[in-house]
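Side chains are part of it too, since the values below use all heavy atoms of this structure and drop only hydrogens, waters and symmetry mates. In listed order, ligands and their atoms are each counted from 1.
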Amino acid sequence: MADSKPLSPKPLAGKRILVGNDDGIHAPGLKALEEVAHSLSDDVWTVAPEVEQSATSHSLTTRRPLRLRRFGERRYAVDGTPTDCVVVAVAHLLKDQRPDLVLSGFNHGANLGEDVGYSGTVAVAMEAALFGIPAIAMSQQREHEQPVDFTPARTLAGDIIARLFTEDWPRDLLVNVNFPPLAPEAVKGVRVGRQGRRDTQIGVVEGADPGGRPYLWIGDFLRHHSADGDSDLGLVARGYVSVTPLHLDHTHHDGLERLRGLLG
Ligand code: MN
C-alpha cells in the first residue's frame, strides 16, 4: 500500500485508549489490536467479554449481576456483552479519567453491509459514541473457510487510527473499518465509502442432534456480493481498506415526510 506513512513514536501519546471486542478476552484479534494501541499510546486499557459474543449486537445485560475479572495490568474481562464491557469500563473502571478513544476489534471476519446491525464489534463503538467518546470498530475479512490472518489489520491500522483521530471528533460519529484479506503490500489503499447491502437471504437449516432431537441452525445463504464500488462491500472486494462513518440516529429521513403525509 503506497499511502501508508511511517508513524512517529506514539502519535497518540497522553491519550487514554480503551480496547474492546466481541470475540472475547482470549481472541487473537484482540491481542493484535492491543499491540497496535500500544504503538500509539502508553495508556491502553482492555475490557473485553469473557467468552465470545459475536452477533450479540448492542445488547445490554440488566437481569443479572456482572463479574469483572482482572487478567493483567489494565486488562479485564466481563462475563457479559461487548456493550456491558464499555459501560463497565467508562462508567466504573475508568470513571475518573474516561478514555479519549475507544477501539474495537480486530474482529474475526468482516463487518460489512448488513453485518453492522448484528455486530458486537460495531456495538462497542456505538456505546462509546453514546458516551461521547470517539470510536473506531475494526474487522479483518477472511478468505472463505480460511483461518483469519490479522497481518493486514495489524500492519495498517495504526496509521489509519492516527490519521482518523481528531480532537474535534463529531458528536455521534463512529467509524467502521474493514481490512481485505491481502498481504499488506497488496492492499490498494484506504477508501471512505458508505455501508453496503448484500443480496443475501438469512435462513434456517434443519438437522437432528445425536439423540435424534431436531434442531434449527440459523445461517445466511445466497451471498452474491454486489460490485457496488462505493460501498464498504465493493471497496473491500476490490482490495481497499474500507472506512465507513456511521451514526446512532436510525431515522429514515425520507420516511419523516412520508409518515407526516400519512398521519397528518
Ligand atoms: Mn466477532
Side-chain angles (χ1 to χ4, degrees), residues 17-37 45-61 66 69 71 75-89 101-130 135-154 156-157 160-161 174-181 195-198 200 202 217-221 223 225 232-233 236-237 241-244 246:
I17 299 176
L18 171 66
V19 179
N21 76 346
D22 75 358
D23 293 330
I25 188 77
H26 302 296
L30 181 72
K31 293 208 168 53
L33 179 54
E34 287 175 303
E35 285 170 28
V36 170
W45 296 72
T46 298
V47 183
E50 212 165 87
V51 294
E52 194 190 334
Q53 298 285 316
S54 292
T56 58
S57 186
H58 199 181
S59 58
L60 196 60
T61 302
L66 296 170
R69 283 182 65 195
F71 272 78
R75 291 191 93 234
Y76 295 83
V78 173
D79 62 341
T81 67
T83 300
D84 295 337
C85 293
V86 178
V87 174
V88 167
L101 173 65
V102 173
L103 302 175
S104 180
F106 297 121
N107 188 60
H108 184 275
N111 278 305
L112 298 162
E114 66 275 17
D115 299 336
V116 165
Y118 300 105
S119 171
T121 306
V122 173
V124 167
M126 291 171 68
E127 191 59 28
L130 285 173
I136 306 170
M138 282 170 288
S139 303
Q140 174 64 62
Q141 191 176 44
R142 60 173 172 162
E143 291 284 16
H144 188 59
E145 293 184 351
Q146 297 290 311
V148 174
D149 177 1
F150 289 100
T151 307
R154 182 192 282 110
L156 303 172
I160 293 169
I161 296 162
L174 52 134
V175 178
N176 187 33
V177 178
N178 280 273
F179 297 89
Q195 182 184 355
R197 179 86 174 256
R198 292 187 188 89
T200 189
I202 198 158
W217 202 322
I218 290 174
D220 45 13
F221 310 97
R223 293 208 152 198
H225 285 225
D232 52 6
L233 285 161
V236 171
V241 178
S242 73
V243 177
T244 301
L246 302 174

Report task. May I ask you to decide if the ring planes of F71 and H26 are parallel, tilted or perpendicular, using 30° and 60° as cut-offs? Result -> perpendicular
Query raised in the report: Will you find, in the side chains of D22 and T121, an N or O donor that is under 3.5 Å from an N or O acceptor?
Result: yes
**Report entry** the Mn ion (ligand 1) - name of the N/O/S atom of D22 that sits closest to it
**Finding:** OD1
Report task. Please find out if the Mn ion (ligand 1) and some N, O or S atom of S54 are separated by less than 2.8 Å. Result -> yes
Query raised in the report: T61 and side-chain contact (heavy atoms from CB on, under 4.5 Å): which partner among T83, V87, T81, D79?
Result: T81
Query raised in the report: Taking the Mn ion (ligand 1) as the vertex, how big is the angle to OD1 in D23 and OD1 in N107, rounded to 10°?
Result: 100°
Query raised in the report: Would you say P180 and V241 make side-chain contact, with heavy atoms under 4.5 Å?
Result: yes
